[in-house]
Amino acid sequence: MHITEEQSERHVLSLTVANEAGILARIAGMFTARGYNIESLTVADITQDHSISRITIVTNGPPRVIDQIIAQLDRLVPVHRVVDLTEAGPYVERELALVKVAGTGDHRIEALRLAEVFRAKVVDTTIESFIFEITGTTEKIDTFVGLMRQIGLVEIGRTGVVGLIRGKDPI
Amino acid sequence: MADSQAVTQGNAGAGNRPKTTHKERSGADILCECLVDLGVEVVFGYPGGAVLPIYDALYAHPRIKHILVRHEQAATHAAEGYARSTGKPGVVLVTSGPGATNAITGITDALMDSIPMVVITGQVATHLIGTDAFQEADTVGLTRHCTKHNYLVKSPTKLAHVIHEAFHIATSGRPGPVVIDIPKDVQVATAPYARPEPIDHPSYRPQVKADPRLIESAVEMLMAAERPILYTGGGIINSGPEASTLLRELAEMTGAPVTSTLMGLGSYPASGGQWLGMLGMHGTYEANFAMNKADLILCLGARFDDRVTGRLDAFSPNSKKIHVDIDRSSVNKNVLVDLPVIGDVGSVMADMIAMLKKRGYAKPDFSEWWARIDGWRARRSLDYVEGGEEIMPQRAIADLFTATRGKNVIITTEVGQHQMWAAQHFHFDDPNKWLTSGGLGTMGYGLPAAIGAQLGNPDALVIDIAGDASIQMNIQELGTATQYRLPVKIFILNNEYMGMVRQWQELTYESRYSESYSDSLPDFVKLAEAYGWTAIRIESHADLASGIQRMIDTPGPVLVDCRVAKLSNCFPMIPSGAAHTDMLLDPSMVSGTMDDEAKALV
Ligand SMILES: Cc1ncc(C[n+]2csc(CCOP(=O)(O)OP(=O)(O)O)c2C)c(N)n1
Ligand SMILES: [Mg+2]
């Protein structure tokens, strides 16, 4: 007997939730309990009184599973709203990464040149290293990191994705 | 913090002080006050260090009756039995650590079967949380995914609101268990108490009324159907007795056949002419075939569980499907449907009936459809061969049913063959009379559930139809029934096996009975007598009727050890992963092995 898997799609989900103790565990635990994937998850409170947080989750799965994920999230008591940005129309998504690169000579010059092409900022420097700050889509950051890997990548920190619907209206 | 009774001065010219005249009370008193305000009459519980302040507040309480169980798991099942038979939420009170962990099985059971329940757990004092203190367990962490919602209350000022909100969440929408973890210092500290405003929750708003356009589509699909079937489930029971009345009306109006899941038995009367019996793995031939050949399935408060659908790609291949459910996540989870209708099933049925009437709907002629159904009925799939002197378990249940007819009977069960035989051979005409662990299939459910049901229905004849293995899982509750003089009856179908396990081993593993024999069974009669129960042993067919009669006629709790045929199996059966049409009707159809795909399914 072999176990078969279905074709997956990537979706970006945007949630507003009550900013209360245990909310992250509740959401992340629901994903593990039901066998769903999390590619990235970001969270921060977004109202003046700190009562509501926005959580952005990048997940993947077959369309039926994505529908289930949304329904399961929606049914958690502290979840106000769940929107599938991927379905809801054009949206902007961004991620921030800090990328540490070490090297001297040609590699160092090449790293700076690439950073310029990618509009990455230098936020720390020593004679032998840089930390670049780069924002963009996940794909752009992946490409940048891939290039740096060849010329002295030391380590990276990434925030995970945040996203908003384009245009004047809220999600 | 212990010196309570501090009175906040309201209008004593104290300037900007909050204007309140409420006496301060301890967290424990606030809890009791809330329970009274919420109409709670019975609490099932077990004391311990972390709930002593609450137990002190409950001491000789004039309004709240505390039922001392013998194990916290039993408190949760008793609360389920109480809830399922009365429609009111079941309430549980247990201590921290082992008290809370022991309650987890019943909490999970309530989640799976959508039973309204509020579980109050004691916790170590707030400053000790996270220090691995004595009897500390991360109760909110442990119960996060087996509750509908849970809370850790860190201040007595929040307690009243949380308790009221917890009851609201447990009882509304799709009901379920809610845990409130209360640290010991919060039980002792004081705060003013005022009855909270009605709950207006910012994010939790279950949809009760369905979109009228969907009702219209549903009605149109129903009017166009030639071979409809009403597939009903536990949601109808949860919605309340009116929903069962509405189902009967809808069935009567349409003339459509009705089947039900294990959890929905009683919502449509088994004596009704349109009743096909239960569907699914141990459902009737006619129910499963009608589902398979229908052109419209109207699913009312059921969830297309794997025990019902069998092999998914062969499940009712030619039907349109309407799914009425209050929980959106139940829709399209297992089976893709044509029309989801999100709302309370009672409200949806009322709307559908109103719309059918408005459209001048006349009962269609389904005689061709019924002729086919009658053909399937003629297979008499629940028939069994009598065993002479040996009591067939099905016969025992049938006789129990006949002997208790016309009485106000509530049946609970344990889990196994006896449970399925009870579902097949005991017939329910009303909702809230059949209490069983469906989703989780928890052995040990039946006796505590019977205790809970008896407390909620003092005049009912409450019988736990049990198995010899399952009954041992919460046998200690014999003592609880004795203590509170609850006249519950236990009817053990004693086959000296974990019969259901043995049956699967016969089907799949060439009868290698690995660990499924009930060795070293206690003498149930002596055991029951030791707890102060009356006990009866029935050993042969000749004694069956009189034994049952004696059980019914004897006041107080009675245990019956009914020795039944050891090797009978429960048919019909759709093996795991098989299609509805591949039903095994009797032992001659069992081959003894299965392929790996089937072996991998539960
Ligand atoms: C707590 C728990 N453990 C294990 C099981 C698996 N199981 C299902 S039925 C069964 C046997 C039940 O035996 P018995 O109570 O004698 O009932 P019978 O099938 O013989 O009628 C077992 C072990 C279960 N359902 N629940
Ligand atoms: Mg048995």
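In what follows, chains are A, B, ... by sequence order, proteins preceding strands, each numbered from 1.
Open room surrounds CZ on Arg119(A); 12 or fewer heavy atoms of other groups in view lie less than 6.0 Å from it. In Glu128(A), the CD atom is not crowded: 12 or fewer heavy atoms of neighbouring residues, nucleotides or ligands sit closer than 6.0 Å. Counting non-hydrogen atoms of neighbouring residues, nucleotides and ligands closer than 6.0 angstrom, the CD atom of Glu9(A) exceeds 12 such neighbours. At most 12 non-hydrogen atoms from other residues, nucleotides or ligands lie less than 6.0 angstrom from CG of Asp106(A). Counting heavy-atom neighbours within 6.0 Å of Lys121(A) NZ, excluding the residue itself, gives a total of 12 or less. For Lys158(B), the NZ atom is loosely surrounded, since the number of other residues' heavy atoms within 6.0 Å does not exceed 12. Within a 6.0 Å sphere centred on CG of Asp132(B), other residues, nucleotides and ligands contribute 12 heavy atoms or fewer.
Chain A forms more heavy-atom pairs under 4.5 Å with one residue of Gly141(B), Ser330(B), Gly173(B), Pro202(B) than with any other, namely Pro202(B). Among Glu597(B), Arg144(B), His201(B), the residue making the largest number of heavy-atom pairs under 4.5 Å with chain A is Arg144(B). Most heavy-atom pairs under 4.5 Å with chain A: of the set Leu152(B), Asp327(B), Val140(B), this distinction falls to Asp327(B).
In this structure, Ser203(B) OG and Ile52(A) CD1 are separated by 8.5 Å, a value rounded to the nearest 0.5 Å. The distance from atom CZ of Arg328(B) to atom CG of Asp67(A), rounded to the nearest 0.5 Å, is 8.0 Å. Atom-to-atom distance recorded for Arg75(A):CZ and Tyr204(B):OH is 10.5 Å, nearest 0.5 angstrom. Summarising the geometry, atom CG belonging to Asn332(B) is positioned 8.0 Å from atom CD belonging to Gln68(A); distances are rounded to the nearest 0.5 Å.
In this structure, chain B has no heavy atom under 4.5 Å from any part of Leu73(A). Heavy atoms of Arg205(B) lying under 4.5 Å from chain A are absent altogether. In this structure, no portion of Ala18(A) lies under 4.5 Å from any heavy atom of chain B. Residue contact with chain B, scored on non-hydrogen atoms closer than 4.5 Å, involves the backbone of Val79(A) exclusively. For a residue to count as touching a neighbouring chain, one of its non-hydrogen atoms must lie under 4.5 Å from one of that chain's; by this rule Gln72(A) touches chain B with backbone and side chain alike.
Residues Arg64(A) and Leu336(B) approach most closely at NH1-CG, 4.1 Å, considering heavy atoms.
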- Carefully, step by step, assess His149(B) and Arg26(A) under the rule side chain to side chain contact (heavy atoms under 4.5 Å, CB included). CA-CA 9 Å; His149(B) 196 48; Arg26(A) 210 176 281 287; 3.6 Å; yes

- Query: Do His145(B) and Thr32(A) pass the side chain to side chain contact (heavy atoms under 4.5 Å, CB included) test, and can you show the C-alpha distance, the side-chain angles, and the key distance before you say yes or no?
  - Reply: CA-CA 10 Å; His145(B) 303 294; Thr32(A) 35; 5.9 Å; no

